[in-house]
Amino acid sequence: MSAPDDRVSAACDLVVVGGGPAGVAGALTAALRGLNVVLVDSGARLGGQYFRHQAGAAHTATPGLDRFLRQGRALGERAEVLLGHQVWTVTRDGDRLTVHCQTPDGRPVAIRCRDLLIATGAHDRPLPFPGWDLPGVLTAGGAQALLKGNGVVAGGRVVVGGTGPFLLPVAAGLAGAGAEVLGVFEANGGLALARHPVLALGKAGEAAGYGLAMARHRVPYRTHQAVIAAHGERELEAVTVARLDGDWNVLATREVACDTLAVGYGFVPQIELGVELGCQTRPDADGMPVLAVDGRQRTTVDGVWAAGEPTGVGGRHLAELEGRIAGLAVAGAPVPGVLARRRRRMRAFGEALHHAYPVKPGWQSWLRDDTLVCRCEEVPVARVRAALALGATDARSVKLLARPGMGWCQGRVCGYAVACLAGERPRPPRRPIAQPISLGALADLDTH
Amino acid sequence: MTFQITIDGRAVPVEPGQTIGAALHAAGVRAWRTTRFGGRPRGLFCGIGVCFDCLITVNGRPPERACLLEARPGDEVTTS
Ligand SMILES: Cc1cc2nc3c(=O)[nH]c(=O)nc-3n(C[C@H](O)[C@H](O)[C@H](O)COP(=O)(O)OP(=O)(O)OC[C@H]3O[C@@H](n4cnc5c(N)ncnc54)[C@H](O)[C@@H]3O)c2cc1C
Ligand code: FES
């Protein structure tokens, strides 16, 4: 069935894709119930995005990291953990699934299993604006990954912008590590958050902690403001910060000299593996497609489960909880009512955040004709608008006419913006493979 | 222990476990390739392997993502 050099882990009950809080909790819970579990992650260490950490360093500033690392060690004693393995597709053969991975040196590895838990997390959701492709402009998560995973402070004079509570830990982290954070520009009205009853219950403590850190480092937090342009010759030298109305149209602007910008407008759940297997999706509160799951984290496809950000962005606590629920459910154990109730409460919190920090249409007025929408294929706004004028009525036909999203990233970076420009809700990704891989591994699959 | 890699012959210090992209960025090297059409400079953007902006040539191998690739002592980065 599989190529001779494929390693097939024959006796595996459950493969978990993703070694973040959701995946590790799911794998450990299922392993403790006696299942034979393999966890696969493309990264060099367990952690995912939130628990990203440096090799060997005593960098435990991340709340909860010690506990997570203990879970990781417990998992290592009871399950097989394959790091540096990128899953690029899952195939089905009767009631068995085969998870196809690739190692960094290009070696294909295939794992057969009965159940699959998709815990692949999310990536940043950037919006295009003039100059956003200048070196020195990073996604907010990218700046965080540099710091948490590498101990590298993204820059000396840093501006943080976008929308959502995630901007707070990013700014606090940078300031705490020695960067001069010139300001956090929140395009929405941050205060709406504190007034929401669910939120007042939920994360007040954590937000207050970041607030304190920002006050200590005198980081200004400005609401209804955004970075609408980046300037520089070969790299970032300054940004234009604008005061916005409620729809994000520009009211007034000023320039801020800086060497680094960390910018993010929420997250894109990574659901490719589920979509490819035929799992139903639903629009999350912010319109992003996520995998539809029931109260036991089961998708609409037999044997396929999902936990964490792929079922809707809700942060690391919810991710871990969903992982635990999935682990119990896959093992056939009942899900205690207390976990189910906690999950509902945290989901409501996640949805409230989406409502408090929406993306408003005025960002499109920040674009110029020559602003790149697609960074890979270098497609400017003018070409996307020309495609729309030619009669393209949705993102898919824009893509065929103007080629945004046809490059290396396969539309992961620009997909949301292109959907907005085409006036539609972002659709589930239709990518043949979950991660771009070498042609060699594709050829190997053909020989199966 | 800190070790070194080079970019076009110039030495760049690396802390063990750092990616090539992180080490270059920390050393003030923020771009290491240019785009096909506009010749625009590119370095790190997403930092987690999603955007492919950071493609880099190391030891003459085909382009890889610098934000994912852990640096090894003596790695040679070339930019053209
Ligand atoms: C860059 C970035 C940084 C973030 N930093 C923070 C932060 O500092 N604080 C915070 O509160 N929230 C942060 N977040 C939000 C984050 O999504 C959640 O806090 C939390 O990490 C979600 O947990 P998860 O288990 O659902 O997914 P993740 O933690 O994202 O874990 C998913 C894992 O799946 C792996 N994976 C994905 N696809 C594949 C594949 N095809 N093959 C193999 N492995 C795969 C990834 O490598 C990753 O390790 C960040 C998000 C991003 C995108
Ligand atoms: S910085 Fe995006 S893939 Fe490396």
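Just so it is clear: chains get the letters A, B, ... in the order the sequence lines come, proteins before strands, and each one is counted from 1.
- Among A:Asp259, A:Leu134, A:Val413, A:Val153, the residue with the largest count of heavy-atom pairs under 4.5 Å with chain B is A:Asp259.
- The existence of a salt bridge linking A:Asp370 and A:Arg368 is confirmed by a sub-4.0 Å separation between a basic side-chain nitrogen and an acidic carboxylate oxygen.
- In this structure, chain A has no heavy atom under 4.5 Å from any part of B:Leu68.
- When side chains are defined from C-beta on, A:Val137 counts as touching A:Phe129, because their heavy atoms get closer than 4.5 Å.
- Interface remark: B:Glu70 contributes side-chain atoms only to the contact with chain A (heavy atom separation under 4.5 Å).
- For the pair A:Asp124 (side chain) and A:Gly141 (backbone), a donor-acceptor distance under 3.5 Å is present.
- Neither the backbone nor the side chain of A:Leu236 comes within less than 4.5 Å of any heavy atom in chain B.
- Interface check for chain B: of the options A:Ala145, A:Gly43, A:Ala44, A:Ala154, the most heavy-atom pairs under 4.5 Å are formed by A:Ala154.
- Chain A forms the most heavy-atom pairs under 4.5 Å with one residue out of B:Pro62, B:Cys51, B:Ala31, B:Cys67, and that residue is B:Cys51.
- Looking at B:Gln18, the atoms closer than 4.5 Å to chain A (heavy atoms on both sides) sit in the backbone and in the side chain alike.
- At a 4.5 Å heavy-atom cutoff, the contact between B:Leu55 and chain A is made by side-chain atoms alone.
- Here the side chain of A:Glu235 pairs no donor or acceptor atom with the backbone of A:Pro135 at under 3.5 angstrom.
- B:Arg36 touches chain A through backbone and side chain together, each having a heavy atom under 4.5 Å away.
- The one candidate from B:Arg30, B:Arg40, B:Arg42 that meets the salt bridge (Lys or Arg N to Asp or Glu O under 4.0 Å) condition with B:Asp53 is B:Arg42.
- Ion pairing between A:Glu377 and A:Lys399 fails under the 4.0 Å rule for side-chain N and carboxylate O.
- In this structure, A:Tyr265 has its ring center at least 6.0 angstrom away from the ring center of A:Tyr416.
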